[in-house]
Every structure is written in C-alpha cells, then in structure tokens.
Amino acid sequence: MPKKEKFKIGIMGCGTVGSGLVKLLRKYSLRKQSPEIEIGKILVRNEKRAVEIASELGLDQSLFCTLATDITENPEIDFVVELMGGVDHTKKLLLEALENGKSIVTANKDLLALEGKDLFETAKKQQQTIMFEAAVAGGIPVIATLKQSLKGNHVTQILGIINGTTNYILDVMKNQNRDFEDVLKQAQELGFAEADPVNDVDGHDAAYKTAILASIISGKRIDVNKVYREGIRNISQNDIRSADKRGYEIKLLGVINNDDDRVDARVHPVFVSKSNPIAGVRLENNAVLIKGDAVQELTLIGKGAGSLPTASSVFGDVLMLASQMQLGENPNPQYVCQHSDYAEIKPIDEVENSFYIRVSMHDKVGVLKAFGELTEKYGANIKFIDQYDASGDQAHADLIFDPIKEKAFNSLIEEMKELESIKAIESVVRVL
C-alpha cells in the first residue's frame, strides 16, 4: 500500500451525525494535524437537500452529489463514511465501495447485525477494513477497548445500557413519577424516540448492539435473530417503586455471558442493585460494564447518541484508517474480521436468572403453604417475600427468587396462576 499524507473521504448521508462529523473535521483541519483529512464528496438525497446542508454548514455546494457512484467509484476517494442508515440499499452501496478498494467507516448497527457476514467477507477478500466504533454506545469507545486494550483478556461478561431512549424513559418514569406512555410521548417530542418507537422500546436496537458486542468477545458470528429480546412496555410505576424499595433500579440491559461453549446473549429489563456502577446512569446516557479474567471489572459511561458524541467515534475510526494508510500499512489485523463460524447461542429456557414477581392474592390461611409446595416441585428457592397492601381478604406480595432456569420458572409461574389463592401475577422482572 503506497504511503500518503492527505486523504479524501466520501460521506454517505449528512444528517445529525454527518453534520457533527463535518464540524469535527473543520476543527481538526484548523489544528493542522497529520494525517490531513478532507471531504471529497457528500452523498445526499437530492439537490434541495444539498443546498440546505451547504448553507447550514458553510460548505461549497460542489462537494455534494446525489449519485452514490460519485463516491463508490471515485478514484480520488480513499475511504467511505456511511451515515445514512438503512440495510438492503446501503449494503449494496458498501459492497460496491469495498470492491473498488475502499475501506468503510459506519455507525450502522442494524446493517452490521443483520448483514455483516457478506460485508466482512468482502472486506477480507479485498484486503479492506470495516470500522464501526459508533455502531454501539455512541461516543463511548467500547469497540476499540474490546479489540485493542482488552485483547489480552478473556471477556466473560458484558452488561450494557446501550439504548439511550429506554434509559431516558425509565429514568423519567422513576424520578417524575410518570407512566410509560406519557414519558414515551415526551421522548418523541424531544427527538429521543422515533415516531415509531418499536425498535427502541421493544429491545430490537439493543439486540443489534448486543449481537455486535457478543461477536467481538466470542470470536464468532452471532445470529441476531437468536438474541432473546424483551422491551420495557410492561414496566409500571409499581415495578419501579418495588425496585426502589428493595435497593434496585430498573434498566434495560444487553446481557452477554461468554464463559462456556455457548454464548448467552439477551436483552430485557433487569433489577440492578444500586451498588452496581451502571445503576446510577441517568437519562439518555449509556454504560457498558465489562468483566475480564485479567482486568477484572471496568465500566465505560458516556453519551450513547447525539451529533458530536457519535461523530467523535466516527472520526476516531477515520483517523485510525488514515494513519494506517499514511504508513503504507495493510489493515490492522485487530480490525480485520477473523470470524468464520457462528456461535451457538444458549436458548433462553436454559439460562439461569433470579426473578422478581408481584402477585395479587387472597389473604387467607394456606397461601404460603401452596407457594412452598410449588417451589419445592420446581427446585426454586424464595430469597425474599414481602406482603403489603392488605385490605380485607386481599393483599399484594413481592417475591424474589434465587437463580433458577427460565424453563422451570415459567412452568412454576403458570402453575401459580392456577392456584385458587392467586388473583393475578402482575409483574415478572429478572434480577441481576
């Protein structure tokens, strides 16, 4: 690879993150640092959008194009920065860029989780690199940390608050004593949640990111469709108050356990002890707790989204690629995909978890005996039970179970529902 001093990048998409990247590039160029980076072309939807962005950012309109080939087939473009989102069409464009000898920087976690295999195989064949720091946790450098700083560790577990929208909703629900639908509407008005919030509140976004992290620490590809996901729609004020009373916060977590032959990768709400460093992560911030055999435990906390935080991660990847090319080096082996096989994912039924449940019941003699018989049948142990709100023959109870396999616990819950003394199982949440 010939040595170079100045590099031109092609930017596909110039929305929130793309605009942030342009601002960072401008500041960088004023510092006259090496390697030199300049914008070759910016792909936008249409000429009208080109005029708007050129005016907003003070750019020459000649930098803009509406044809992707002006970037993917342009010999003056050294590598491509993809910030437009989408899957199928974007994959096609990035494959074209790779086949034309251009490495990729992307923030597109959906694309990587769903179609990463074809992209990474093509990159390997073409001796190019795909960099994706911004695809997980925005401005937090978790990918570089795992691929470089912690490369000498066997990472056994990752717990991640990796969706800022759901963390914001849960935080506001608790601290302002408001219901889910009300806070979701506010999050949409503030731009933290999309008009169609399914990707965020039902756990899909977090599952994509969990799959990416699981792939890095396991050294194998992850089928994102096998990553269990459960969102936050059913979390109520009663759950939040119960968690707080017992010394917990409720968080939507990406959970990865990488300590045996099968990878345990899942997304769901969790009671997190207030002593855990990720329990206090507020509003739209993200956090990733990493456990390794050498480093023991470390936690990365910061902005998980936003124009400049995400652009910071994108620009870090741009500079790393340019630095390699400046030295005339081939792609850094730590950033070239080495995966060839898919990991075996542990089915959720076989995972062991502790559980919190809230039940409404008839307050009468024999209730606890019935509970005891069922727990004995399924090998479950009740760690904690608290009865409250007793009125006449009605009452509520909070129970926390010691770790038990999900399949056995689900069977236990189904039989509990059939007990004459149980009116309803009102909530079930896993406990970390």
Side-chain angles (χ1 to χ4, degrees), residues 13 15-17 45 82-91 106-116 132 134-138 159-174 176 178-215 222-237 239-240 250-256 265-270 281 283-288 303-307 309-310 345 347-348 406 427-430:
T16 301
V17 179
R45 293 190 303 271
E82 184 276 305
L83 301 171
M84 60 188 183
V87 177
D88 294 336
H89 179 60
T90 305
K91 174 186 173 182
T106 180
N108 194 332
K109 75 275 179 182
D110 304 46
L111 175 63
L112 295 177
L114 294 168
E115 298 291 344
F132 51 94
V136 180
L159 304 173
I161 297 171
I162 45 181
N163 181 270
T165 300
T166 50
N167 202 58
Y168 174 87
I169 291 171
L170 292 170
D171 190 65
V172 173
M173 283 176 68
K174 179 190 175 183
Q176 297 184 17
R178 294 162 60 189
D179 291 331
F180 170 79
E181 291 293 344
D182 180 32
V183 180
L184 172 60
K185 183 178 179 182
Q186 176 182 307
Q188 290 170 318
E189 291 169 353
L190 292 172
F192 293 143
E194 301 290 339
D196 180 358
V198 167
N199 235 29
D200 291 320
V201 301
D202 291 335
H204 299 289
D205 175 83
Y208 295 147
K209 296 169 183 175
T210 298
I212 291 170
L213 294 178
S215 179
I222 301 293
D223 182 348
V224 70
N225 295 309
K226 294 182 179 179
V227 176
Y228 175 83
R229 66 200 72 179
E230 180 183 317
I232 64 168
R233 291 182 189 270
N234 294 326
I235 298 298
S236 69
Q237 279 297 329
D239 298 323
I240 290 170
I250 299 181
K251 300 292 183 183
L252 182 77
L253 294 187
V255 178
I256 307 165
R266 46 196 159 93
V267 171
H268 50 69
V270 182
V281 175
L283 298 173
E284 71 273 20
N285 288 308
N286 279 198
V288 183
K303 295 293 182 185
S307 176
T310 306
I345 305 298
I348 190 66
E406 295 246 352
S427 184
V428 177
V429 183
R430 294 166 183 85

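Below, each value reflects all heavy atoms present in this structure, side chains not excepted, and no hydrogens, waters or symmetry copies.
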How far apart are the C-alpha atoms of Leu190 and Tyr168, what are their side-chain angles, what is the distance that settles it, and do they pass the side chain to side chain contact (heavy atoms under 4.5 Å, CB included) test?
-> CA-CA 11 Å; Leu190 292 172; Tyr168 174 87; 3.1 Å; yes
Tell me, do Leu111 and Lys91 make a side-chain contact under 4.5 Å, heavy atoms counted?
-> yes
Checking side chain to side chain contact (heavy atoms under 4.5 Å, CB included) for the pair Glu82/Thr90: CA distance, chi angles, key distance, verdict?
-> CA-CA 8 Å; Glu82 184 276 305; Thr90 305; 3.5 Å; yes
Distance (rounded to the nearest 0.5 Å) between Leu184 CG and Thr166 OG1 | 11.0 Å
Are Asp202 and Arg229 close enough for a salt bridge, meaning some N to O gap below 4.0 Å?
-> no
Would you say the side chain of Lys109 lies within less than 4.5 Å of the side chain of Lys209, judging by non-hydrogen atoms?
-> yes
Any side-chain heavy-atom pair from Phe132 and Ile212 closer than 4.5 angstrom?
-> yes
To the nearest 0.5 Å, what is the distance between CD1 (Ile169) and CD1 (Ile235)?
-> 11.5 Å
Compare all side-chain heavy atoms of Arg45 with those of Met84 and state whether any distance is below 4.5 angstrom.
-> no
Check the side chains of Asn199 and Asp205 for a donor-acceptor pair under 3.5 angstrom, ignoring hydrogens and angles.
-> no
Atom OG of Ser215 and atom CG of Asp223: how far apart are they, to the nearest 0.5 Å?
-> 11.5 Å
Please check if any side-chain donor atom of Asn167 sits under 3.5 Å from a side-chain acceptor atom of Lys251, or the reverse.
-> yes
For atom CG of Asn234, is the number of surrounding heavy atoms from other residues, nucleotides or ligands below 6.0 Å larger than 12?
-> no
Flag yes if more than 12 heavy atoms outside Glu194 fall under 6.0 Å of its CD atom; otherwise flag no.
-> no
Compare all side-chain heavy atoms of Lys174 with those of Gln237 and state whether any distance is below 4.5 angstrom.
-> no
Is the side chain of Thr165 donor-acceptor paired with the backbone N or O of Asp200 at a distance under 3.5 Å, no angle test?
-> no
Are Ile232 and Phe180 close enough that some pair of their side-chain heavy atoms sits under 4.5 Å apart?
-> yes
Can we say Glu230 and Arg266 salt-bridge, meaning some charged N sits less than 4.0 Å from an Asp/Glu carboxylate O?
-> no
With the side chain counted from C-beta on, respond yes when Val227 and Ile345 share a heavy-atom pair under 4.5 Å apart, and no when they do not.
-> no
